[in-house]
Structure formats: C-alpha cells, structure tokens
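Keep in mind that the numbers below use all heavy atoms, side chains included, and drop hydrogens, waters and symmetry copies. None of the values given here were measured: they were computed from a predicted structure.
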Amino acid sequence: MIHLLRCCLVLLLVLAAATGQSAAQLKNELKTKETAAKKDPQKLYEVGVWAKEKALAVDAKRIFEAVVKIKPDHAGAHEALGDELVEGKWMSAKDADALRKKALAAEYAAKGFVDVAGVWVEKEKAADAKRGVFWHDGQVVGKEELVALQTGKVRHPDTGELIDAKNLEKAQGKYYPAGSDRWVDVKEADTFHSDPRRPWVVRSKHGTFVSTLGLAKIDELKGLVDAAVEKVQPVVGARVTPASLRPFVMVAATEAEYRELGQQLGDGTDACGVFLMNEEATLKLPVIGDVRAAICFNHKEWGQRYIRHAAAIAYAHGVAEDGGHDLPPWLLQGIGAYTSRLDNDHDASWFGDQHVKKGGVRNLKSFFAGFAISGEMESKEIDYNIFQAGLLVAYCLHGGDAKATEAMKAVTDVLSGTAKGSLDKAVTKLQTQLMEDEAKVAAYLQQVIAKGS
C-alpha cells in the first residue's frame, strides 16, 4: 500500500510538472474558478471537468456532487459521477444495479426459475448448476457469463464475445471492440489482437480458440477444434463439464511466440509442437476466469494437425478433471494422436509406414512403463511414442478385438461418469489387454498402412 501511495504522489508531481504548475498553484486556480462560477450549474460543471483533467479527482467529485444538488437533472455531472439514468431517474450505479437485480429476481421467479449460488436457473438444470454447469440457450456457459447474458449482454455474432446489446448493430456490421471504448474494423482489430497480451478469443461450438492470428484465419481453423472434440468423444465420453473446463486452444502465430509460451507455461511436452499448460499455470480469460489451455503452433505444414491434437487433449483433460481423474500421459497423447495422426486413412497410412521404419509395434510393457515426451529426446523418439499411443487408441476402437474394445469402453464409462470406479484400475486392465494383443496391434498397423495406400 505504501508503495502504491508513493507511485500516486509521483504521478501527481509528474502531471503538475508537465503543466508547469505545482499542486498549490492548481489548488489556487481551482478556488478562483469555483468562486467565479458561483452557483451556476453549467459553469461549475465545467470547473469540475477542468479539475478532473488536472488529476484533482477528489475536488472534481465534490464539484460534480454540488452541481447535481443545484440541478438534479444535470446529465453531464451525473455521468461524471458514474450515475445511471433508470426510467427517467438518475441514481448511483450501486442503486441501479440493486434495482436491476430486484427486477430480474421477480422476472425469473415468475418463470419458475430457482436461485442457485446467486444465479437464476431452470429447475431441471439446478443439479447441473450446483456442480458449476450453467446453461443459456442450450449452451454451457460460466456463472459470470450467465449473469451477464441475463442482465442484457449479447454475444458478438463473429467471435462469441459478450458485448452490450446497444453495440449489436456495430457487431453485425463487422466491427469489433478494441479496448474499453473503441470499435474498429477487422483490419484494425487484427492489429490490436496481434499483441500476445490481448489475443483474439473466439468461441466455437465445442471450444474456444485463442490466438494472435487474423480473424479470417481463425474462422478458417476453428472448425478443427469442434471436429477433434467430436472425434474423441467416443474415447472419453460426452460428459458435460463446467465452462472453465471446455477445450481452450491457444494457437501461436509464429514459432518464436510458441517457444516463448513453451518456456513460460510448458512442462517439456512442448517439444512435440503441442502441449497442455503445466499444472501450476493458467490462462485468465474475461468472464470465464482461469483455464488450463492446450497450446500449439500454427506450423505451415503441421498446423492443422497440431490444432486437432491440442483440442483433443484439452477436451480429454477437461473431462477427466471434472470427474476427479488423471489421465496417464500415454493415453492423453494417444487421444491427441488419434485426431492428428490417424484422422483419415491417408494420414494414418503415411504415419504408419514411418512408424514401421522406426521399429514398429514392440514391447508394449516397456512402452507403458517408460512413456515420455521431453526436450531431451530425439524427435524420432517423440514421434514414435505419439503415433504408437494413437495407434493403440485406434486399435481399441476399430481393430475388431472385442476384449480390447470392452477394456477401452470401461475406461470411457468411468471418464464419462456412466460407471463408478477407479480410472487407474480401468487403465491398468486396458494396458494388460493391449500387452496381450501386441501381435494383433502389429497386424492392425499393417491394415492401417494398406488401407490408405
């Protein structure tokens, strides 16, 4: 606090120096202006504006309060005080907010909604709300998002960002907020969001795309997030998670940006072009709060695969965390590789052929025990581990072995919440089955290669 006060004093001195006036001189000039204005509300208001411009905030507030006592309907003074005009009556922002909340409570109570943790929700959604899952127009939203939407906010039609309803026409005209009070066209908005400190945050059907890329490029790529989620839902289930656990994918526009993010937020797995933020790190987003994002690099050739991989591991992690589980690294990366390396027959065949050249399917017991991705490993080792993990997931889903499919289903059921039990035990049984099926997995790899040739 002492440090903050010192900073404020320094700022005042700087401001005074910039105008060539000391604090005492400013006070004397203010007194002269007030005396000259007498009790004329408009002249006093102008003095208040002058005081505010000179960083005499306390005096400015006092003068604006004096103005509204003389002329209760002086709009400029009320606005300067932060007051709001509600149904033709000026009131403090605090009173206006209380009035809105009272009206909202009456409106939603009449609709049969119930109050859960200070938020109005439909009765049939109360159980979800109690575990942090809130709904609006069929979509899962955060608690703060729901409150904002219920009190008049709307979504920008292009980005899904919450905006004031009065600005909807601007948004529909392809304008975007840039800071607190500016609306700009897409070209200027792209420039504004090219700074890593304020990236675009664009909502898709299943996830959120965070990036300094241009909006047109984001629109082109954001569908990959939804496609990846839908592809891996059979593996982890379609569990409805709180908004903070939906897939958040941060896509670096350049390799330098990706490397910096990896150094700040990675745990070594960033060596493969995709990583889940380390456990201690979070990304703070407006209204949503802290999220654990998956981060990747929009590489010229690998970018789309990286985005699918990132979305898959972000979704899988969110589902697991919501259920109180930890996914083993091989399974988390396998779910990602299932979308990035085995998304279609052609890719699966090419990667499969490369896998054979690296040694093919071998010693699954050691694979499970020693699975790793780190910056100390050679790239071919990383590629081997990632593809083999994805191959095992694909084998369980499409390899035709009933026991392997059943073992994977047991894992899925625990993750989705349709079955109780230990995820660790289910995963151990799955690994045991896969080790028994090692020869079958190798044969399945040959089928994968042949199918896409």
Does a sphere of radius 6.0 Å around [atom1] in [X] hold more than 12 heavy atoms from other residues, nucleotides or ligands, not counting ones at 6.0 Å or beyond?
X	atom1	answer
Lys429	NZ	no
Gln304	CD	no
Lys123	NZ	no
Arg259	CZ	no
His398	NE2	yes

Side-chain touch [X]/[Y], heavy atoms, less than 4.5 angstrom:
X	Y	value
Gln433	Met408	no
Tyr108	Val121	no
Ile313	Ile335	no
Cys396	Leu430	yes
Ile382	Ile386	yes
Val154	Leu162	no
Ser92	Leu81	no
Val68	Trp90	no

Counterpart residues, side-chain contact (heavy atoms from CB on, under 4.5 Å), relative to Lys357 (two or more places apart):
Asp353, Gln354

Test of understanding: with side-chain contact (heavy atoms from CB on, under 4.5 Å), list the residues that count as partners of Glu220, not counting sequence neighbours.
Lys217

Could you walk me through whether Ile163 and Trp183 pass side chain to side chain contact (heavy atoms under 4.5 Å, CB included), step by step?
CA-CA 11 Å; Ile163 59 173; Trp183 281 77; 3.9 Å; yes

Side chains of [X] and [Y]: donor-acceptor distance under 3.5 Å anywhere?
X	Y	result
Ser422	Asp424	no
His317	Glu321	yes
Ser204	Asp226	yes
Arg362	Tyr384	yes
Gln333	His309	yes
Thr159	Arg203	no

Pairs meeting criterion side-chain hydrogen bond (donor to acceptor under 3.5 Å, both in side chains) with involvement of residues 283-293, two or more places apart
none

Quick one: [atom1] on [X] to [atom2] on [Y], what's the gap to the nearest 0.5 Å?
X	Y	atom1	atom2	value
Leu391	His355	CG	NE2	6.0 Å
Thr212	Ile218	OG1	CD1	8.0 Å
Met250	Ser211	CE	OG	8.5 Å
Lys130	Lys125	NZ	NZ	15.0 Å
Leu265	Asp270	CG	CG	9.5 Å
Tyr306	Glu301	OH	CD	10.0 Å

Under the criterion side chain to side chain contact (heavy atoms under 4.5 Å, CB included), I'd like the reasoning laid out for Val393 against Leu331: C-alpha separation, chi angles, the key distance, then a yes or no.
CA-CA 8 Å; Val393 171; Leu331 184 53; 4.1 Å; yes

Looking at every heavy atom in both [X] and [Y], which two are closest together, and how far apart are they?
X	Y	value
Ala294	Ala314	CB-CB, 3.8 Å
His325	Leu415	CD2-CD2, 4.4 Å
Ala312	Ala228	N-CB, 4.2 Å
Phe297	Glu255	CE1-N, 3.2 Å
Gly237	Thr412	N-CG2, 3.7 Å
Leu283	Ala293	CD2-CB, 4.3 Å

Hey, are Arg155 and Glu145 close enough for a salt bridge, meaning a charged N less than 4.0 Å from a carboxylate O?
yes

Kindly state each residue pair satisfying salt bridge (charged side-chain N to carboxylate O under 4.0 Å, His left out) with at least one member in [range], sequence neighbours excluded.
range	value
residues 165-182	Asp158-Lys174, Arg182-Glu188
residues 431-449	Asp401-Lys440
residues 109-119	Glu107-Lys111
residues 377-395	none

For residues 189-231, which residue pairs pass the ring-ring contact (aromatic ring centres under 6.0 Å, His included) check, not counting sequence neighbours?
Tyr176-Trp200, His193-Trp200

Which pairs pass ring-ring contact (aromatic ring centres under 6.0 Å, His included) with one or both residues in residues 248-285, sequence neighbours excluded?
Tyr258-Phe275

Any cation-pi pair here, Arg341 with Phe351, using under 6.0 Å and within 45°?
yes

All side-chain hydrogen bond (donor to acceptor under 3.5 Å, both in side chains) counterparts of Glu279, not counting sequence neighbours
none

Test side chain to side chain contact (heavy atoms under 4.5 Å, CB included), reference Tyr338, set Leu392, Asp343, Leu397, output is Leu397

Where do Thr241 and Val133 land on the side chain to side chain contact (heavy atoms under 4.5 Å, CB included) test, with the steps shown first?
CA-CA 6 Å; Thr241 65; Val133 175; 5.9 Å; no

Output, in order, the C-alpha distance, side-chain angles, deciding distance and verdict of side chain to side chain contact (heavy atoms under 4.5 Å, CB included) for Thr208 and Val249.
CA-CA 6 Å; Thr208 300; Val249 180; over 6 Å; no

Sidechain-backbone polar pair: His156 side chain, Tyr175 backbone, donor-acceptor under 3.5 Å
yes

My understanding is that only residues two or more places apart in sequence, or in another chain, count here; which of them pass ring-ring contact (aromatic ring centres under 6.0 Å, His included) with Trp330?
Phe368

Could you pull out every donor-acceptor pair under 3.5 Å between side chains of residues 134-144 and any protein atom, sequence neighbours left out?
{"from": "Trp135", "atom 1": "NE1", "to": "Asp128", "atom 2": "OD2", "distance (Å)": "3.0"}
{"from": "Lys143", "atom 1": "NZ", "to": "Ala117", "atom 2": "O", "distance (Å)": "2.7"}

